[in-house]
There are 2 protein chains.
Amino acid sequence: MKTKVVIVDDHSLFNDGLSLILKESGDYEILAQIYDSRKAYNECNTLLPQLILVDYNMPFLDGLTLVKQLRTLVHRSKIVVISMYADRREIEAFKAYEIEGYLSKTSPSAEILLSLEKIIKGENVFQVKQEQKTSFEKDFFSLKKLLTKREVEILKALKKGYTSEQVAQELCLSYYTVETHRKNINQKLKFNSKKEFYEFLNTIELEEK
Amino acid sequence: MKTKVVIVDDHSLFNDGLSLILKESGDYEILAQIYDSRKAYNECNTLLPQLILVDYNMPFLDGLTLVKQLRTLVHRSKIVVISMYADRREIEAFKAYEIEGYLSKTSPSAEILLSLEKIIKGENVFQVKQEQKTSFEKDFFSLKKLLTKREVEILKALKKGYTSEQVAQELCLSYYTVETHRKNINQKLKFNSKKEFYEFLNTIELEEK
DNA sequence: CAAAAAATACCTGTATTCAGGTATTTTAAT
DNA sequence: ATTAAAATACCTGAATACAGGTATTTTTTG
């Protein structure tokens with residue numbers, strides 16, 4: 001049984017090359033090669049890959065933010081980040097989203113294949129020493145499962161560029177209510193900065209398809 | 001008759017991927033894949049390839065310096081630089097060494113193959129980045145005219161999710177200075193909401209190298 | 001060199017967001 | 001029908017951002 005893979009990398013040559021390498025090994029089926037990270041969320045939502053390979057450096061939507069989004073999917077894919085530079089701090093940033101692997105583009109491809117094999121079998125592989133292992137498994141959530149209907153409505157209004165005050169007017173609510181909802185949203189999604197929140201807000205698809 | 005190629009790129013995955021892509025096309029014979037640019041000169045001196053593909057960003061010996069070296073070889077190979085970011089100024093720097101092509105890693109591999117074909121036939125091909133344009137990126141050129149160097153630096157730091165206070169620390173500035181810069185940026189770009197500012201921040205490509 | 005542009009820094013007041021609460025009512029689920 | 005979840009609303013203090021200034025120094029440029 002071949003492992004179903006989606007590759008997300010804006011560098012087409014690399015994307016295609018990696019795709020070929022995986023195909024050649026005979027163990028992988030490439031469901032999609034995505035060149036624009038902004039499309040990854042929706043693609044993975046329908047394709048349901050077992051493994052998602054994500055580049056770290058991408059325009060518009062960087063690897064970290066993308067991984068955060070992908071983790072809100074109901075379907076739990078294994079996520080492996082492939083970075084140009086194997087940086088410890090970079091890895092730390094990803095720890096929160098409990099990715100299954102972090103590999104470097106500078107590694108020989110044989111090594112990459114070996115690492116991926118291990119990851120498929122359930123191991124986690126971090127090319128730079130993993131010093132602190134997470135003691136408990138967090139529950140992974142679907143955005144829609146985690147957020148309530150009202151909270152999604154609040155997000156939709158915020159997507160229009162409204163302040164909490166304006167959202168309150170729009171939805172005929174008290175300012176305090178809106179703030180409460182935002183507070184709960186922030187708690188659930190654990191944003192580390194305003195930038196992250198707005199990045200999420202700008203890229204997430206809230207309308208039903 | 002297959003074209004004899006040497007690939008120089010420290011990113012093994014990319015190197016191997018490109019190698020596979022070329023082999024698959026049936027038109028190329030890979031004489032060597034070199035992962036350490038410092039070895040490229042001697043290798044090419046003995047292998048005498050018709051075509052040398054060189055990555056731009058490499059440790060120890062960058063693409064530009066390597067090309068300079070390779071041009072001192074008696075054997076005249078066609079040299080094509082493959083870069084992450086197709087920047088006009090980068091290309092200019094290479095023009096002095098009369099390379100035959102300059103391609104971007106973001107181009108579809110079919111396009112790369114087509115370009116290489118042309119180059120083999122004697123043409124020179126210089127690809128300048130084809131941008132997927134967002135509303136803001138269209139105006140990026142004028143944006144750079146509008147914003148000062150420091151202001152762009154501030155934006156870059158903000159892109160990391162920093163607050164003004166953190167940006168000040170990062171750049172060894174006063175908090176007030178950072179706020180002044182932000183104020184000027186906001187005045188120049190006339191954002192109507194925080195959402196708009198962060199949308200801009202998240203979508204704009206500030207690195208240009 | 002003189003003028004303009006850029007970078008630096010400070011001040012004040014206001015607006016907005018965030019994070020910690022508490023608490024009641026409405027709705028959904030067992 | 002009872003319980004749990006969701007939605008509502010309020011309070012407060014702190015952090016951050018925004019908008020209006022002023023003002024000095026440094027750098028660039030004609």
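Numbered from 1 within each chain, the chains take letters A, B, ... in sequence-line order. We use all heavy atoms of the structure for the numbers below, so side chains are in, but hydrogens, waters and symmetry mates are not.
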Residue whose closest nucleotide on DNA chain D lies nearer the 5' end, B/Lys149 versus A/Leu171:
A/Leu171
A/Leu173 atom CG is separated from D/dC10 atom P, nearest whole Å, by 11 Å
Spacing of B/Gln187 atom CD relative to D/dA19 atom P, expressed in whole Å:
8 Å
Which whole-number value in Å describes the distance from B/Phe197 CZ to D/dC18 P?
7 Å
Rounded distance in Å - CG (A/Asn184) to C1' (C/dG20):
12 Å
N or O in side chain of A/Tyr176 less than 4.0 angstrom from D/dT8 OP1/OP2:
no
Judged by nearest nucleotide, the residue sitting upstream toward the 5' end of DNA chain D, B/Asn186 or B/Thr180, is B/Asn186
Does a nitrogen or oxygen in the side chain of B/His181 sit under 4.0 Å from OP1 or OP2 of C/dT8?
yes
Length of the CD-P vector between B/Glu179 and D/dG21, whole Å
17 Å
By nearest atom, which of the nucleotides C/dT17, D/dA6, D/dT8 is closest to the A/Arg150 side chain?
D/dT8
A/Tyr198 atom OH is separated from D/dT16 atom C1', nearest whole Å, by 11 Å
State, yes or no, whether a side-chain contact exists between A/Arg182 and A/Leu158 at a heavy-atom distance under 4.5 Å.
yes
Heavy-atom nearest nucleotide on DNA chain C for A/Lys183 versus B/Glu151: which residue maps closer to 5'?
B/Glu151
Mind checking A/Ser164 for me? I need base, sugar-phosphate or nothing, with any heavy atom below 4.0 Å counting as a touch.
sugar-phosphate
Can you name the one residue among B/Asp9, B/Asp16, B/Asn15, B/Asp10 that meets side chain to side chain donor-acceptor pair (under 3.5 Å) with B/Tyr35?
B/Asp16
Indicate, yes or no, whether a donor-acceptor pair under 3.5 Å links the base of D/dC10 to the side chain of A/Ser174.
no
Checking D/dA9, D/dA17, C/dC18 against the side chain of A/Arg182 (C-beta onward), the nearest is C/dC18
Select from B/Ile154 and A/Phe191 the residue whose nearest nucleotide in DNA chain C is closer to the 5' end of that strand.
B/Ile154
Interatomic distance, A/Ile185 CD1 vs D/dA6 C1' [rounded to whole Å]
13 Å
Which class fits the ring pair A/Phe191 and A/Phe197: parallel under 30°, tilted 30 to 60°, perpendicular over 60°?
perpendicular
Base, sugar-phosphate or nothing for B/Glu165? Non-hydrogen atoms, less than 4.0 Å.
nothing
Does OP1 or OP2 of D/dA9 have a side-chain N or O of A/Thr177 closer than 4.0 Å?
yes
Give a yes-or-no answer on whether the side chains of A/Ser19 and A/Gln33 include a donor-acceptor pair shorter than 3.5 Å.
yes
How long is the line joining CG of A/Leu189 and P of C/dA19, in whole Å?
12 Å
Do B/Glu153 and B/Arg150 come within less than 4.5 Å of each other through their side chains, counting heavy atoms only?
yes
